[in-house]
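Hydrogens, waters and symmetry mates are skipped; everything else that's a heavy atom, side chains included, is used. Because the structure is a prediction, the values reported are computed rather than measured.
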2 protein chains.
Amino acid sequence: MSVQERKQRERAERERLIVATARELAEQQGWDAVTTRRLAERIEYSQPVLYSHFRGKREIIGAVALEGAAEMATALRAAASVADGPRARVTALARTYLDFAARNPAVYDAMFQLDGGLAFAKEETPQPLKDAFAALLDSLGEVAGDGVHPGRFTEVFWAALHGLATLTRAGRMPPEDTEQRVELLVDRLAVL
Amino acid sequence: MSVQERKQRERAERERLIVATARELAEQQGWDAVTTRRLAERIEYSQPVLYSHFRGKREIIGAVALEGAAEMATALRAAASVADGPRARVTALARTYLDFAARNPAVYDAMFQLDGGLAFAKEETPQPLKDAFAALLDSLGEVAGDGVHPGRFTEVFWAALHGLATLTRAGRMPPEDTEQRVELLVDRLAVL
DNA sequence: GACCCGATCCTAGCACCGCTAGACAATCGA
DNA sequence: TCGATTGTCTAGCGGTGCTAGGATCGGGTC
């Protein structure tokens, strides 16, 4: 059995390598540059090997998205836990979210802009995605205000953050005033 | 001179045909289906003809985006003009924006998701884009609140709308509660 | 009215894409 | 040691955006 176990380990290791390489390449040169040929060359295997791990390019994007969601959830919870008081917590949350999007644009795209074949807002939604949303909900629920459904409030706040993240990065909005936009958002949206 | 004028007219007419066909095809089957070959076939010319009008596919997307921006600006101004009172005006504006995005998903993508090679938030930004933003600014500036820069307020409000539009359409957010999200957004963000 | 020449358009092809069939080699179990 | 299974590769399919170069058509001039 030990031989099979070793092979399984090596296979899992290679799968991690594929995802990590795809992510790295995407961050360096954008997702357009992540072709199956280039990816195969970088991991030093032939193209069809990719298809023994993933159904296609979409699934590779999906894997990067899940990895990113887990990281984002961790970052959000960490930021929320060190801040004291609802206001500081929400502000830290918003800053952390936008910071993550700015520092990991390709991962952010995999999560929210590209088609990674993942289900959202459904029962079959993968756990990391649910958890990232839950991380937002945990901090935002307490500032939703009376009579406002916490989930709905979180959706709206999240949408605003997502809009700021994408429009800024796509050059639709000057990047300098991000901090002031965050303050405005927190001041107005949250009930403190 | 009349012959040249006729030719110019025909050329301009064909250019409109290209843009309209690209838009139609994109709305019917998504932008992935808008290939230069299919587009050429639909307008009943050969592929290279497209390149005598546009530098490439990007510029065609950009042309659709500009057309869409002009329409959106018109729709926003129309909605704002019939509502009386700041609150009704802002609500109508938000609804109209989201409605436009939902009814013209491909055009909306051309404007804000895809790369149409257009400049944003700069001096050389094409007029229709500036005008669409101005349409938002006209109605939103009056509810920015004291001491808040109207442009910045508009950016934040716009980002929230953009987030709602894209996340809803991409299935990241259940579409049923849109109206309640709009109300929450207007209630909290606008100073009435 | 005939001819030339420039504008216009098309055929054919480039390099690349995602993905897959089928040949081949290495490894395992009997 | 041999057969079967597993794993990997080469080669190729139909598609993409884009372009070079030849054919054709029509207006302007003699």
In residues 29-36 of chain A, which ones come under 4.0 Å of DNA chain C, going by heavy atoms?
->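 Close to the strand are A:Val34, A:Thr35, A:Thr36.
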Candidates C:dT20, D:dT8, C:dC9 - which lies nearest the side chain of B:Tyr45 = C:dC9
What's the [atom1]-[atom2] distance between [X] and [N], to the nearest Å?
X        : N      : atom1 : atom2 : answer
A:Phe54  : C:dG18 : CZ    : P     : 15 Å
B:Glu15  : C:dT8  : CD    : P     : 13 Å
A:Arg37  : C:dG18 : CZ    : P     : 7 Å
A:Arg11  : C:dT27 : CZ    : P     : 17 Å
A:Leu114 : C:dG18 : CG    : P     : 13 Å
B:Tyr51  : D:dA20 : OH    : P     : 12 Å
B:Lys57  : D:dT19 : NZ    : C1'   : 17 Å
B:Leu50  : C:dC9  : CG    : P     : 12 Å

Contact class for A:Arg14 (heavy atom, under 4.0 Å): base, sugar-phosphate, or nothing?
-> sugar-phosphate
When rounded to the nearest 0.5 angstrom, what is the spacing between CG in A:Leu66 and CD in A:Glu71?
->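 Separation between the atoms: 11.5 Å.
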Nearest-0.5 Å distance, CD of residue A:Glu124 to NZ of residue A:Lys130 |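 If we round to the nearest 0.5 Å, A:Glu124:CD and A:Lys130:NZ are 8.5 Å apart.
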Side-chain H-bond candidate by donor/acceptor type, B:His53 with B:Tyr45, under 3.5 Å = no
Classify the angle between the aromatic ring planes of B:Phe157 and B:Phe153 as parallel (below 30°), tilted (30 to 60°) or perpendicular (above 60°).
->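 Tilted: the ring planes of B:Phe157 and B:Phe153 meet at 30° to 60°.
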In terms of ring plane angle, is the pair A:His162 and A:Phe112 parallel, tilted or perpendicular, where the classes change at 30° and 60°?
->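 The arrangement is perpendicular - the two ring planes meet at more than 60°.
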Taking only the side-chain nitrogens and oxygens of A:Arg38, find out if one of them lies under 4.0 Å from OP1 or OP2 of C:dC17.
->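 For C:dC17, OP1 or OP2 has a side-chain N or O of A:Arg38 closer than 4.0 Å.
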Under 3.5 Å donor-acceptor, A:Glu41 side chain and A:Arg37 backbone | no
Main-chain N/O of B:Ala33 paired with B:Arg38 side-chain donor or acceptor, under 3.5 Å | yes
Does CZ belonging to B:Arg103 count more than 12 external heavy atoms closer than 6.0 Å?
-> no
How about B:Glu44: does its CD atom have over 12 heavy atoms from other parts shown lying under 6.0 Å from it?
-> no
Once you build an axis from the first five pairs and another from the last five of the helix from C:dG1-D:dC30 to C:dA30-D:dT1, how far apart in angle are they, to 10 degrees?
->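 Axis-to-axis angle, ends of the helix: 20°.
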Quick one: does A:Gln47 reach the base of D:dC9 with a side-chain donor-acceptor pair under 3.5 Å?
->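 When only heavy-atom distances are counted, A:Gln47 does not reach the base of D:dC9 through any donor-acceptor pair under 3.5 Å.
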